[in-house]
Amino acid sequence: MHARINFLLHLLLALYSAFRFQGCASDAYHHTITAMKSPSSSTTVGFSASVFFQVTGNVYPQGHYYVTMYIGNPPKPYFLDIDTGSDLTWVQCEAPCQNCLPAPHPLYKPSKDLVKCNEQICVDFHRPNQPVCASPDQCDYDIQYADLGTSSGVLVREWFPLRYTNGTMTAPRAAFGCGYDQRVRKGATPPYLDGVLGLGLGKVGILSQLQELGATKSIVGHCFSSQGDGYLVFGDQLVLATWTPYNEMDNHYSLGTAELFVGGKTSGMKGLPILFDSGSTYTYFSEKPYTVILSLLMNDLKGTQLNKADEDKSLPICWKGSKPFKSIQDVRNLFKPIVLSFGNSKNVRFQIDPEGYLIITAQGNVCLGILNGTEAGLGDDLNLIGDVSFQDKLIIYDNVKKQIGWAPANCNVKIPK
């Protein structure tokens, strides 16, 4: 994808002078690290506690939710996009950087602890292919996202300090990506973030690593508020009302197939493969179900005071009223709930109310937050539920029991610092 570099040579040159002067600070933080309860110690908190993170962001206008993750020695903050649709956690780094995007924090300066090309985590990451590395002493990666954004770099290991809800701390040393080359689709505006928090199912994912290291179970939950912000939780102290098993589809969370209902009536669309992906701002249906949804919604709007607002380019489909709308409450009675009924679980339904598929733009128009996935390049069969439809729900991905759960929730919770 991008020209590879011999990362080890550049790293040694870049770190030589820095490490000559960091001995005292590094030693001081080492005492901090060892004073924490190590996941491998006999006094470890282990799987008995959870870790909460404050979430920042919104669906519109920011288009993403992120957490602050502390990494390194000494620990430094990085804003990471919450993405259950990908495995690899990565931050932009000074390796040196070939192409880095604008970001809120200085580039991460990598440790000397590189993942080698023949290590199992490198082999697992590249399956079913064999790793192709610029040097045996490094594990290179190239990843491409559905929006055609890319990141290239190498895998390194670093401290990840975590505070449990009971007040104790741990600092597992996990592998993640040092991204020295990031690209976005031409004309796209990249999010103002430092990297991605990959919460997918692969063995390189932070959840799998934390479980293997004895820090937390491989369970994660997110709660995104429609008013902005929310919280993210690692751990097992969670109770929910609705659960359904998931399948692993290329390390993505696939809920199997569903039948589509609009306004309590069947749409005639059955057997729709459904994925959950918090890395996607909006919800995508492939062309056939998208066309059916749009037709049914448009039919309900006949005779109302809503008219197409083609001049509003916020999203492909927007409507305007006789005066600007201030909130979705102004129009929610004109739109029907959308329901996905899953065939692999009896009476399991995921309901998307109007608040879960509409946004109010800066122009005061209402726009459809459901997009045509086929036009977006997601294929003819993929149906992807994104952040807009997760709002005001607690969504739990339980990788221990291979199930996903959800329930209505107040996501306006502030996590004590």
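The structure displayed is predicted, hence computed values, not measured ones. Only this structure's heavy atoms are used, side chains among them; waters, hydrogens and symmetry mates stay out.
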Q: Using the salt bridge (Lys or Arg N to Asp or Glu O under 4.0 Å) rule, pick out the option among Lys112, Lys76, Arg173, Lys109 that qualifies with Glu158.
A: Arg173
Q: Could you tell me how the ring of Phe224 sits relative to the ring of His222: parallel (under 30°), tilted (30 to 60°) or perpendicular (over 60°)?
A: parallel
Q.
Once side-chain hydrogen bond (donor to acceptor under 3.5 Å, both in side chains) is applied, what residue pairs with a partner in residues 366-388 remain, sequence neighbours excluded?
A. Ser286-Asn383
Q | CH2 on Trp159 to CG on Asn73, rounded to 0.5 Å | A | 7.5 Å
Q | Backbone of Gly57 reached by a side-chain donor or acceptor of Asp229 within 3.5 Å | A | yes
(Q) Has Ser341 got a side-chain atom pairing as donor or acceptor with Glu259's backbone, closer than 3.5 angstrom? (A) no
Q) Relative to the ring of Trp90, is the ring of Tyr145 parallel (under 30°), tilted (30 to 60°) or perpendicular (over 60°)? A) tilted
Q) If you look at every heavy atom in Gln391 and Glu355, which pair is closest and at what distance? A) NE2-O, 3.4 Å
(Q) Under the rule for ring pair (Phe, Tyr, Trp, His ring centres under 6.0 Å), what residues qualify as partners of Phe325, not counting sequence neighbours? (A) none
Q: Kindly say whether Val400 contributes a backbone atom to a donor-acceptor pair with the side chain of Ser218 at under 3.5 angstrom?
A: no
Q. With distance as the sole criterion, is a donor-acceptor pair present between the side chains of Ser225 and Gln227 under 3.5 Å?
A. no
Q. Phe160 vs Phe176 aromatic rings, parallel, tilted or perpendicular, using cut-offs 30° and 60°?
A. perpendicular
**Q.** Min side-chain heavy-atom separation Leu88-Val196 under 4.5 Å
**A.** no
Q | Atom pair CD1/CG of Ile206 and Leu199 - distance to nearest 0.5 Å | A | 8.5 Å
Q: Identify which one of Asp81, Val59, Thr281 satisfies the side-chain contact (heavy atoms from CB on, under 4.5 Å) criterion when paired with Tyr65.
A: Val59
Q) What ring-ring contact (aromatic ring centres under 6.0 Å, His included) pairs are there with at least one residue in residues 190-216, not counting sequence neighbours? A) none
Q | Those residues that, when tested against Lys320, pass salt bridge (Lys or Arg N to Asp or Glu O under 4.0 Å) (two or more places apart) | A | Glu311
Q) Less than 4.5 Å apart, any side-chain heavy atom of Leu340 and any of Ile385? A) yes
Q. Do Ser280 and Asp277 have side-chain N/O donor and acceptor atoms under 3.5 Å apart?
A. no
**Q.** CG-CG distance between Leu368 and Leu358, expressed to the nearest 0.5 angstrom
**A.** 6.5 Å
(Q) With a 4.5 Å cut-off on side-chain heavy atoms, are Val132 and Asp140 touching? (A) no
Q) How far apart are the closest heavy atoms of Asp312 and Cys367, and which atoms are they? A) OD2-SG, 4.3 Å
Q: Please confirm whether the backbone N or O of Glu287 pairs with a side-chain atom of Thr291, one donor and one acceptor, at under 3.5 Å?
A: yes
Q | Residue pair Leu210 / Pro172, side-chain heavy-atom distance below 4.5 Å | A | yes
Q. So, for Gly369 and Val388, which heavy atoms are closest and what is the spacing to 0.1 Å?
A. O-CG1, 3.7 Å
Q) Any side-chain donor paired with an acceptor under 3.5 Å for Gln182 and Ser151? A) yes
Q. Residues in ring pair (Phe, Tyr, Trp, His ring centres under 6.0 Å) with Tyr253, at least two apart?
A. Tyr246, Tyr397
Q: Tell me, with the steps shown, if Cys122 and Cys133 meet disulfide (SG to SG under 2.5 Å).
A: CA-CA 10 Å; Cys122 184; Cys133 306; 4.4 Å; no
Q. Got Val115 and Phe125 here, is their nearest side-chain heavy-atom distance under 4.5 Å?
A. no
(Q) When you measure from the side chain of Gln54 to the backbone of Gly230, do you find a donor-acceptor pair of N or O atoms at a distance under 3.5 Å? (A) yes
Q: Give yes when the SG atoms of Cys139 and Cys117 are nearer than 2.5 Å, otherwise give no.
A: no
Q | Phe350 and Phe390 aromatic ring geometry - parallel, tilted or perpendicular at 30°/60° bounds | A | perpendicular
**Q.** Validation row: Leu232, Val220 side chains within 4.5 angstrom (heavy atoms)
**A.** yes
(Q) Is it the case that atom OH in Tyr70 sees more than 12 heavy atoms from other parts of the structure closer than 6.0 Å? (A) no
**Q.** Gap between atom CG of Leu207 and atom OG1 of Thr216 - 0.5 Å precision
**A.** 6.5 Å
Q: Determine whether the aromatic ring centres of Tyr284 and Tyr290 lie less than 6.0 Å apart.
A: no
Q) Could you give the distance from CG (Leu301) to CG (Asn307), rounded to the nearest 0.5 Å? A) 10.0 Å
**Q.** For Arg127, salt bridge (Lys or Arg N to Asp or Glu O under 4.0 Å) partners two or more places apart
**A.** Asp124
Q.
Counting C-beta onward and ignoring hydrogens, is there a side-chain heavy-atom pair between Phe335 and Asp300 closer than 4.5 Å?
A. no
Q | Modelled atom types, side-chain donor and acceptor of His105 and Asp194, under 3.5 Å | A | yes
(Q) Strictly distance-based, threshold 3.5 Å: is any side-chain N or O of Tyr164 a donor or acceptor partner for the main-chain N or O of Ala215? (A) yes
**Q.** SG-SG distance Cys178 to Cys93 under 2.5 Å
**A.** yes
(Q) For Pro337, is there any backbone N or O sitting under 3.5 Å from a side-chain donor or acceptor partner on Gln351? (A) no
**Q.** Pairwise distance CD(Glu119) to CG(Leu155) - rounded to 0.5 angstrom
**A.** 9.0 Å
Q) Quick one: does Thr165's side chain have a donor or acceptor within less than 3.5 Å of a partner on Phe52's backbone? A) no
Q. Any side-chain heavy atom of Ser314 sitting closer than 4.5 Å to one from Gln363?
A. yes
Q. If we ignore angles and hydrogens, is there a donor and acceptor under 3.5 Å between the side chains of Ser152 and Asp181?
A. no
Q | Atom of Thr84, atom of Phe276 and distance for their closest heavy-atom approach | A | OG1-O, 3.8 Å
Q | Whether Gln211 side chain and Gly214 backbone form a donor-acceptor pair below 3.5 Å | A | no
Q | Residue Gln305 excluded, over 12 heavy atoms near CD under 6.0 Å | A | no
Q. Between the main-chain N or O of Val204 and the side-chain N or O of Gln209, is there a donor-acceptor pair closer than 3.5 Å?
A. yes
